[in-house]
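Letters A, B, ... are given to chains in the order of the sequence lines, protein chains preceding strands, and every chain is numbered from 1.
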There are 2 protein chains.
Amino acid sequence: MKKTSLNDIAVELGVSKTLVSLVLNGKGREHRISEKVCKKVIAKAKELNYQPNQIAKGLRTGKTNTIGLIIADIANPFFGKLGREIENEASKHGYRVMFCSSDEKAEKSKQQIEVLQQGLVDGFIISPPTGSEEQILKLEEAKIPYVLVDRFFPEIDSNYIVVDNFLAAYDATQHLIKEGYKKIACVTINDKLVNMSQRLEGYKKALADANIEVAESRIKTLPFSHEKDDVLLAVTELAGGAEKADAVLFTTSKVGVMGLECIHSLGLQVPGNLAVVSFDDPDAYRISNPPVTAIAQPLKEIGSRSVKILMDLMNKRKGKKNPQQVMLKTNFVERSSSKK
Amino acid sequence: MKKTSLNDIAVELGVSKTLVSLVLNGKGREHRISEKVCKKVIAKAKELNYQPNQIAKGLRTGKTNTIGLIIADIANPFFGKLGREIENEASKHGYRVMFCSSDEKAEKSKQQIEVLQQGLVDGFIISPPTGSEEQILKLEEAKIPYVLVDRFFPEIDSNYIVVDNFLAAYDATQHLIKEGYKKIACVTINDKLVNMSQRLEGYKKALADANIEVAESRIKTLPFSHEKDDVLLAVTELAGGAEKADAVLFTTSKVGVMGLECIHSLGLQVPGNLAVVSFDDPDAYRISNPPVTAIAQPLKEIGSRSVKILMDLMNKRKGKKNPQQVMLKTNFVERSSSKK
DNA sequence: CTGAAAGCGCTTACAG
DNA sequence: CTGAAAGCGCTTACAG
């Protein structure tokens with residue numbers, strides 16, 4: 001059974017496609033088409049179970065009603081939750097979401113953006129990996145609507161929505177200091193992205209402001225594509241030796257989850273031997289024993305606002321050209337892993 | 001700057017669109033188009049940075065190269081990980097993925113399927129909620145390729161790929177019995193889906209086979225849309241009274257994660273006061289203290305095989321009509337939460 | 001070896 | 001109030 005098309009209805013009713021299209025798009029009144037005809041068309045459409053072909057519609061109107069979402073990994077709960085919020089908000093505006101996991105690889109995200117740009121989406125929400133500046137600039141040039149999330153490039157005047165990473169790391173470190181910890185370590189990843197460097201800066205500044213010397217030996221920078229072994233090494237080093245740390249700040253939940261696994265496998269007590277604070281707040285942190293103090297990001301707000309900004313861009317009125325750059329506050333969730 | 005179309009290239013080169021299309025689709029040889037012309041076309045396409053419009057191509061060929069993925073919630077790590085595997089495998093076949101979270105609501109999944117069916121996808125991978133039989137039958141009638149994952153409807157002769165839930169629950173329960181636990185509880189959800197009922201049956205059968213009476217008071221069936229309060233009530237009841245349980249099987253990770261949170265907040269020791277085994281294996285179970293014994297599903301295989309089955313269906317040769325129904329084994333990961 | 005033409009299923013000026 | 005026609009950007013028989 002072939003799907004019914006506009007034409008099928010038109011032929012059956014002996015009217016034009018124009019008429020049918022108009023009526024079905026609710027423009028009957030506007031075009032002063034008689035009540036009687038409208039009803040007839042609508043009834044017939046229902047009878048034949050007419051479903052407009054979105055592809056054809058898209059080709060004609062140049063709109064797909066689809067958003068392209070480029071993130072590091074949809075399997076990472078951080079991005080999964082963000083994806084869900086974006087899906088919800090997009091759906092309110094009649095939009096669908098196509099997702100691509102770039103694994104933080106510039107080359108991969110480049111290809112994904114290029115493919116989706118071939119008429120498949122109306123705009124993008126992107127969490128851009130290191131080295132993808134060029135791709136973002138191309139979107140800018142081509143005037144494709146897009147919003148960056150989670151990170152941005154200071155040198156590109158784009159729309160973005162991020163959190164105040166410096167302040168979040170500063171506050172978290174200060175919290176550990178106030179609890180009485182002195183030898184506070186930081187495990188982070190070797191990434192040139194601003195969000196990562198700002199987290200490290202916030203940590204350093206908090207120590208400096210408290211007149212605690214920043215010991216480079218207590219800053220562990222993991223390889224960009226880090227695995228559990230890398231984290232284990234870092235934690236082992238921090239937990240032993242003369243420079244032994246008494247607390248640690250993990251700068252992502254991926255690092256934090258692996259880090260806690262290592263801490264447990266080494267038989268260390270939290271917070272007794274090592275207090276812990278981590279960026280992000282996955283489910284795991286609530287059921288960890290003790291529960292982990294977390295720097296929660298406002299995913300709901302990041303998701304919904306990024307979609308709203310994108311919608312604004314897609315329906316942009318000429319006048320409003322200045323990029324929307326939003327910096328949100330994180331939510332510090334104090335749990336027992338960081339108590340003294 | 002407008003995007004370049006096939007026609008632009010044709011006009012610039014003074015040849016027909018046919019020729020350009022043929023060459024760019026690698027059918028130059030096949031149509032014995034001269035080497036020289038081919039090169040010219042390819043060079044010009046590159047020069048103008050030609051990107052074929054996928055929408056137009058899709059309209060003409062009737063193929064979108066997109067898969068519709070309907071799952072409960074992309075924010076749930078179980079589905080996030082599955083989504084990622086599906087994305088990876090689909091990408092190998094030149095396919096993209098559009099996802100929709102149905103929240104286990106039949107009405108929502110129905111609408112999502114209907115929309116995507118309007119020419120937006122070539123096939124579906126669906127984790128169907130209770131009550132969505134009708135929608136699946138409609139796909140069957142319309143001969144839309146689809147594969148069910150995680151659950152299926154016994155009365156519908158569809159393609160599906162699931163795990164052996166009965167056996168998994170049976171083995172897990174037997175494991176607890178062997179460890180010496182006698183008063184084993186089960187916290188599950190009120191769902192008519194086969195996967196859920198089979199988990200409960202497996203639990204009951206293992207008890208029966210070990211001559212342990214199945215105490216209905218130790219089977220807690222949560223409301224379909226369960227929240228933490230529901231889980232807290234269930235755990236509290238199990239942990240107290242004369243019929244006090246000494247071990248518990250959680251039938252989903254969502255329930256399990258909430259359950260562990262409650263167990264900790266009630267100050268119960270695991271496994272001392274209550275041993276724990278749970279379906280699924282989120283990150284949280286590894287960093288929980290003690291780590292949680294889990295029934296891990298082979299997500300990688302479910303993902304890749306579901307895509308492969310779908311690809312087969314989409315390129316189906318007439319001959320092969322029998323539905324592919326796959327049942328995989330789960331992987332029991334013994335950790336200390338279930339030790340005696 | 002190459003091109004003119006039809007058509008996928010829509011929408012939208014334009015004309016009456 | 002309604003319809004004929006063009007066109008979105010492709011692919012693909014068909015013809016020469």
Enquirer: Using a 3.5 Å distance criterion without hydrogens, assess whether the side chain of A/Asp122 forms a donor-acceptor pair with backbone atoms of A/Asn65.
Expert: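 Yes: the side chain of A/Asp122 pairs with the backbone of A/Asn65.
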Enquirer: Distance check needed: D/dC10 P versus B/Gln51 CD, whole Å only.
Expert: 11 Å
Enquirer: For A/Leu22, which contact category applies under a 4.0 Å heavy-atom criterion: base, sugar-phosphate, or nothing?
Expert: base
Enquirer: Closer than 4.0 angstrom, basic N to acidic O: yes or no for A/Lys138 and A/Glu141?
Expert: no
Enquirer: Using a cut-off of less than 4.0 Å, is there contact between a side-chain N or O of A/Ser21 and OP1 or OP2 of C/dT11?
Expert: yes
Enquirer: Is the backbone of B/Ser16 close enough, under 3.5 Å, to the side chain of B/Thr18 for a donor and an acceptor to pair up by distance?
Expert: no
Enquirer: Ignoring backbone atoms, establish whether A/Lys57 has a side-chain N or O less than 4.0 Å from OP1 or OP2 of C/dG9.
Expert: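 No, because none of the side-chain N or O atoms of A/Lys57 sits under 4.0 Å from OP1 or OP2 of C/dG9.
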Enquirer: Classify A/Lys27 by what it touches in the nucleic acid, base, sugar-phosphate, or nothing, heavy-atom distance under 4.0 Å.
Expert: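 A/Lys27: backbone/sugar contact only, no base atoms under 4.0 Å.
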Enquirer: Go through the structure and list residues passing salt bridge (Lys or Arg N to Asp or Glu O under 4.0 Å) with A/Lys17, not counting sequence neighbours.
Expert: none
Enquirer: Write down the distance between CG (B/Leu59) and P (C/dT11), rounded to a whole number of angstrom.
Expert: 12 Å
Enquirer: Atom CD of residue position B/Glu155 - does it have more than 12 heavy atoms of other residues, nucleotides or ligands inside 6.0 Å?
Expert: yes
Enquirer: Look at the side chain of A/Leu6 and decide which nucleotide, out of D/dC10, C/dT11, C/dG9, has an atom nearest to it.
Expert: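 Comparing D/dC10, C/dT11, C/dG9 against the side chain of A/Leu6, the answer is C/dT11.
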Enquirer: Using a cut-off of less than 4.0 Å, is there contact between a side-chain N or O of A/Asn25 and OP1 or OP2 of C/dT11?
Expert: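 Yes.
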Enquirer: Do the side chain of B/Asn159 and the main chain of B/Pro323 share a donor and acceptor less than 3.5 angstrom apart?
Expert: no
Enquirer: Answer yes or no: does a side-chain N or O of A/Asn53 lie under 4.0 Å from OP1 or OP2 of C/dC8?
Expert: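 Answer is no, no contact under 4.0 Å.
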Enquirer: Within this structure, what is the CG-to-C1' distance between A/Leu24 and C/dC10, rounded to whole angstrom?
Expert: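 Distance, rounded to whole Å: 12 Å.
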Enquirer: So, are B/Glu114 and B/Lys110 salt-bridged, with charged N and O less than 4.0 Å apart?
Expert: yes
Enquirer: Name every residue in residues 9-20 of chain B that has at least one heavy atom under 4.0 Å from any atom of DNA chain D, in order of residue number, or write none if there are no such residues.
Expert: B/Lys17, B/Thr18
Enquirer: Quick one: A/Ile55 CD1 to D/dG7 P, roughly how many Å, whole number?
Expert: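 Between P of D/dG7 and CD1 of A/Ile55: 22 Å.
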Enquirer: Looking only at side-chain atoms of B/Ser34, point me to the closest of D/dT11, C/dC10, C/dC1.
Expert: C/dC1
Enquirer: Search all heavy atoms of B/Ser306 against all heavy atoms of B/Val147 and return the closest pair with its distance.
Expert: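 Closest approach of B/Ser306 to B/Val147, heavy atoms only: O-CG2, 3.7 Å.
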Enquirer: Dump the intermediate steps for side chain to side chain contact (heavy atoms under 4.5 Å, CB included) on B/Leu193 and B/Phe152, then the final yes or no.
Expert: CA-CA 8 Å; B/Leu193 289 169; B/Phe152 68 102; over 6 Å; no
Enquirer: To the nearest Å, give me how far apart CD1 (B/Ile33) and P (D/dT11) are.
Expert: 13 Å
Enquirer: Kindly point out which of C/dT2, C/dC10, C/dC8 is positioned nearest to the side chain of A/Arg60?
Expert: C/dC10
Enquirer: Send over the distance from A/Asn7 CG to D/dG3 C1', rounded to a whole Å.
Expert: 13 Å
Enquirer: Does B/Lys63 put a side-chain nitrogen or oxygen below 4.0 Å from OP1 or OP2 of C/dC8?
Expert: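 For C/dC8, neither OP1 nor OP2 has a side-chain N or O of B/Lys63 closer than 4.0 Å.
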Enquirer: Output the pairing pattern of DNA chain C as a dot-bracket string, 5' first, Watson-Crick or G-U wobble with both distances under 3.5 Å, | for cross-strand pairs, [ ] for crossing pairs.
Expert: |||.||||||||.|||
Enquirer: Test your reading of the model: is there a side-chain donor-acceptor pair from B/Glu87 to the backbone of A/Ser101, 3.5 Å cut-off?
Expert: yes
